[in-house]
Amino acid sequence: MSISHGDQLFISYEADKVPIHGRYSYFGNNYGTVVGFRDYIDGYIFAVRSLYSEYISCKRTRIDILDTIVYPLCFNYRQIVELYIKYFFFKYSGTNDDEKEKFIKRVSHRLCIAWTEARAHIKLLHQKIGSSIDITLFDDFIKQIDDFDSDSFRMRYPIKKDLSPTHGNSIKLDVVGLHSKMLAIFDLFHQLDSEIDGVLIDNNCEIQFVRLMKSLYENARVSISAIVDVMRQLANREKIRREETHFSVSSCIDISEINFLYDTEQIVFENMVLELPIKHAVILALLTHAGSYLVNHDYKLAVNEELTKDFFKLLEITLINCSHFIDLDGKYPCNVMCYAILEKSAEVPLEWLQTSIPIMEHCIET
């Protein structure tokens, strides 16, 4: 391999072309989004594992590897933690772009300062769901990393800006132990992200909307209860018939789309739904889709006193997300608003409603 004048370093290809060797990467396909942080984090973790594999597989006499690869390895450990902290702030702070920009400029590469700001937002969500993760573990280990290298210069350069050495003395560093602990920290970050993902950051609702939802449900309670009772009977019959016929379902088929009911039973159930007063259909549809969000873990509700506020906010979000087929003013007919009940196997929307209705009952009582 040689290099000469005129050679290009960064060569990109049009959509229909690829390099001769056939291997390429999409560089910069995240457009600065929160997802982009995850891409960078995953990439740096891959790099850490690759560097460590080289480190651990070489002979103990290879100081040309052991005493040099340690710098990019330690830098990547620190970089991953910095990315995680900023990712958490961007994803969970609920701040606007101006505030995010100020945060980036304010904290620079200082981990403890960045974590202190991000932690305040994370803690609120952490407490709402009663997470079992000990968040103080992050406090301890982030401080240790920051104390070891407060601005990442120690891992990137042998000198500081004033030309003084970044290393006052040489230390014998246990890289094997460090690698193990850092992977555990990354796993803990990932676990925390998974737990608080979907928790509502902003649960403020107009009081008029809350009153409307309560009124709609109280007026439709009897109708909805009757619908659920029938769905429960139909779901039991579906299960029995499926077992009797030993129905074999391919893994690529969504069982929720398969209807095991006889036509007469389906018609009776459809008529029951279609004859609902339009306002009853509205709240039934909202509860159905809100329940689907909860069952599918798209959103998570607080387990503390914030539950009621969270649930009404979820209903508001559901109305916005489903505005193309659910409307408070009766713009759409019952069969459109309640399509999820009519078109799917009864077992699936039944689970959704059995998830959302008890919460609604709790909110009515509080």
Tell me, please, which residues at least two apart from [X] pass side chain to side chain donor-acceptor pair (under 3.5 Å).
X	result
Gln79	none
Lys160	none
Tyr293	Asn321
Arg156	Ser152

With clusters built from Ile, Leu, Val, Met, Phe, Trp and Tyr whose side-chain heavy atoms come within less than 4.5 Å, directly or transitively, what are the remaining members of the cluster of Val303, listed by chain and number?
-> none
Can you list the other members of the hydrophobic cluster that holds Ile159, where links are side-chain heavy atoms under 4.5 angstrom apart?
-> Leu163
Kindly state each residue pair satisfying ring pair (Phe, Tyr, Trp, His ring centres under 6.0 Å) with at least one member in residues 117-137, sequence neighbours excluded.
-> Phe89-His121
Quick one: pull up [atom1] in [X] and [atom2] in [Y] and give me the separation to the nearest 0.5 Å.
X	Y	atom1	atom2	answer
Asp42	Phe186	CG	CZ	11.5 Å
Lys17	Glu14	NZ	CD	8.0 Å
His190	Asp187	NE2	CG	8.0 Å

Please identify each residue that fulfils side-chain contact (heavy atoms from CB on, under 4.5 Å) with [X], with sequence neighbours left out.
X	result
Asp140	Gln144
Tyr24	Val18, Pro19, Tyr26
Asp64	Arg62
Lys300	Val199

Flag, side chain of [X] to backbone of [Y], donor-acceptor distance under 3.5 Å:
X	Y	result
Lys313	Cys205	no
Asn219	Ser215	yes
Glu99	Asn96	yes
Thr288	Leu284	yes
Asp151	Phe153	yes
Ser131	Ile133	yes
Ser180	Gly177	no

Report the relative orientation of the aromatic rings in Trp115 and Phe189; use parallel for angles under 30°, tilted for 30 to 60°, perpendicular for over 60°.
-> perpendicular
Any pair counted as side-chain hydrogen bond (donor to acceptor under 3.5 Å, both in side chains), so long as it reaches residues 268-279, sequence neighbours left out = Gln266-Glu270
Phe37 ring center within less than 6.0 Å of Phe88 ring center | no
Chi angles and distances behind the salt bridge (charged side-chain N to carboxylate O under 4.0 Å, His left out) call for Glu82, Arg78 = CA-CA 6 Å; Glu82 182 176 335; Arg78 189 187 192 283; 3.4 Å; yes
Return yes if a side-chain donor-acceptor contact under 3.5 Å exists between Tyr77 and His179, otherwise no.
-> yes
Might you confirm whether atom NE2 of His5 has over 12 heavy atoms from other residues, nucleotides or ligands at distances under 6.0 Å?
-> no
